[in-house]
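Notes follow once the structure below has been shown.
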2 protein chains.
Amino acid sequence: MQDTFKALATVSLVTQARDCILRAITIGEFLPGQRLVEGEIAGRLGISRGPVREAARLLEQRGLLVSLPRRGFFVRAFEEKEIEDLYELRECIEVAAVRAAVSRASEAGLRSLGERHRKIISLTQRGREPELIEAIVAFHRSICVLSGNGRLIRLFDEIAIEVSQILSVLGVAVGDPGRPIEVQGSLLEALEARDSRRAAREMAHFIRHAKAEVMEHYRRRHPLEDGRPTQSPPPRPARGQVRNPANMKMGGQQ
Amino acid sequence: MQDTFKALATVSLVTQARDCILRAITIGEFLPGQRLVEGEIAGRLGISRGPVREAARLLEQRGLLVSLPRRGFFVRAFEEKEIEDLYELRECIEVAAVRAAVSRASEAGLRSLGERHRKIISLTQRGREPELIEAIVAFHRSICVLSGNGRLIRLFDEIAIEVSQILSVLGVAVGDPGRPIEVQGSLLEALEARDSRRAAREMAHFIRHAKAEVMEHYRRRHPLEDGRPTQSPPPRPARGQVRNPANMKMGGQQ
DNA sequence: TGCTGGCCAACTGTCAACAGGCCGCACTCT
DNA sequence: AGAGTGCGGCCTGTTGACAGTTGGCCAGCA
């Protein structure tokens with residue numbers, strides 16, 4: 001009965017286009033520096049260019065795309081410094097979140113966090129990399145949720161997208177399998193013990209560790225760019241078609 | 001000679017429209033909850049609706065507008081909780097910024113910060129409220145700049161816009177004239193002494209003080225909404241014309 | 001061979017128009 | 001009188017088209 005009357009409030013084309021582009025960026029289908037041709041995307045999605053442009057504007061404001069006048073949109077390419085800055089911001093955000101969570105989280109909230117932690121453990125043991133990353137992100141997001149600060153959650157989500165873009169582009173796998181469990185286990189303990197200082201310390205350590213790992217991957221990947229400025233906003237605009245013409249169907253946000 | 005060849009790269013209409021709407025929001029011409037009629041704005045600016053829509057999308061992503069399907073864009077109205085969350089975030093950001101600035105700021109950077117501080121003092125003595133607010137914001141922004149973290153600066157700018165919107169809507173004036181100088185003076189001293197803990201403490205105190213002041217204004221303004229949920233996304237869509245049909249010329253970003 | 005200048009295709013920025021939903025209002029029926 | 005219903009205007013969401021610009025390509029020339 002309730003199926004017959006499914007909500008017909010169709011999601012706007014802008015939202016759908018945004019989610020499609022977003023997904024293409026996070027999974028690394030659209031590579032940094034790559035040019036996005038409006039007409040191409042619109043054609044592939046079967047819509048007109050208007051909604052695609054609006055979606056691109058949204059992502060521009062988020063910092064995932066940059067726009068050059070009369071040239072169009074490009075996937076943002078991270079410089080080394082920008083990755084460092086991002087992780088520094090992430091540390092400050094998540095440390096604040098866990099501090100707030102210590103004093104505000106309910107018992108039920110902590111239990112559900114424990115649930116997520118168990119999921120991380122089981123996924124680690126079964127060696128399922130992609131879901132594991134997802135679960136770790138979910139764990140950290142939960143801490144933001146427990147902080148009770150909606151603005152913090154929104155910011156975390158933005159940062160998480162950029163981080164996962166970086167991870168996927170650099171091909172970073174979650175490091176030694178033992179560590180994340182351990183760290184997140186300590187975090188959980190500190191939260192349960194309502195130990196603000198320890199929780200903050202663990203969180204900071206974790207993020208610095210993650211940062212170091214990512215930066216090492218980055219340097220391994222860009223060994224020569226150490227000395228020179230390397231400051232062409234989109235590094236070689238790469239006029240050309242998108243990489244993978246298939247595999248970009250409609251229907252995010254479901 | 002160099003004047004004869006001024007850059008003729010005209011700023012895109014989207015950018016100009018965005019800045020116009022932004023200004024209208026920050027100075028309180030567009031009030032929270034107010035509906036923005038695309039055609040109206042486009043007509044007043046002498047352009048078509050397309051760029052206006054894209055500009056609105058930008059501001060939506062920043063959280064300054066909310067969009068309801070088939071209803072259009074509304075100026076975002078802050079709930080009490082959202083203001084608290086915003087200030088909590090601001091504290092975490094600026095404390096992190098001043099900490100980083102302590103260890104990274106150059107002597108020249110500190111001197112220019114001192115310059116800004118003197119400007120605050122002189123404006124306070126002359127009692128020029130609007131420029132004073134501007135100068136205080138500039139002072140705090142400088143600290144973010146001294147932190148050397150570009151991402152932090154971007155986030156500060158976003159937050160600053162929201163804060164100034166709140167201040168202007170609530171009609172908050174900068175409190176007792178003595179305080180800000182005093183606080184920012186201590187901040188400056190701590191930075192010059194490279195005293196990270198003291199700088200962080202002063203910053204946190206300042207922002208908590210500002211928050212308390214704003215919240216008091218808010219509660220004075222919305223005394224009845226304490227108990228009830230008050231959760232209609234845009235509080236009464238207020239179908240109707242914008243408040244001040246004049247005074248919204250083109251040409252932000254100059 | 002290397003450089004200059006013009007030509008061309010592609011793509012962006014912008015606009016005007018169309019279809020359809022939402023809101024307010026008047027009208028009708030109970 | 002009050003509630004429900006149908007109508008009409010206003011406004012959004014989307015589209016297709018047009019003009020202008022950008023960058024690449026190629027011929028011509030030193």
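The figures here come from the full heavy-atom set of this structure, side chains too, leaving out hydrogens, waters and symmetry mates.
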[X] [atom1] to [N] [atom2]: how many Å, rounded?
X	N	atom1	atom2	answer
A/Glu38	D/dT21	CD	C1'	14 Å
A/Arg57	C/dT14	CZ	C1'	12 Å
A/Leu36	C/dG13	CG	P	12 Å
A/Leu68	D/dT22	CG	C1'	12 Å
B/Leu65	D/dT12	CG	C1'	15 Å
B/Arg35	D/dC10	CZ	C1'	8 Å
A/Arg71	C/dT12	CZ	C1'	11 Å
A/Gln34	C/dC11	CD	C1'	16 Å

Choose from [options] the nucleotide whose nearest atom is closest to any side-chain atom of [X].
X	options	result
B/Arg53	C/dG13, C/dC15, D/dG13	D/dG13
A/Leu13	D/dG20, C/dC11, D/dT15	D/dT15
A/Ser48	C/dT14, C/dC15, D/dG16	D/dG16
A/Val14	D/dA17, D/dT14, C/dC11	D/dT14

Decide, yes or no, whether a salt bridge links [X] with [Y] under the criterion of side-chain N to carboxylate O below 4.0 Å.
X	Y	value
B/Glu40	B/Arg49	no
B/Glu80	B/Arg220	no
A/Arg76	A/Glu82	yes
A/Glu38	A/Arg53	yes
A/Arg62	A/Glu158	no

Would you mind reporting whether B/Ile93 and A/Cys92 have side-chain heavy atoms less than 4.5 Å apart? yes

Minimum side-chain heavy-atom gap A/Val163-A/Ile159 below 4.5 Å: yes

Hey, which of these two, A/Gly46 or A/Arg70, hits DNA chain D nearer its 5' end, going by closest nucleotide? A/Gly46

Starting from the 5' end of DNA chain D, give me the residue, A/Pro51 or A/Pro69, whose nearest nucleotide shows up first. A/Pro51

Work out how much the helix from C/dT1-D/dA30 to C/dT30-D/dA1 bends between its end axes, five pairs an end, to the nearest 10 degrees. 10°

Pick base, sugar-phosphate or nothing for B/Gly50, based on heavy-atom distances below 4.0 Å to the nucleic acid. nothing

DNA chain C: 5'-proximal contact among B/Glu54 and B/Arg49 (nearest heavy atom): B/Glu54

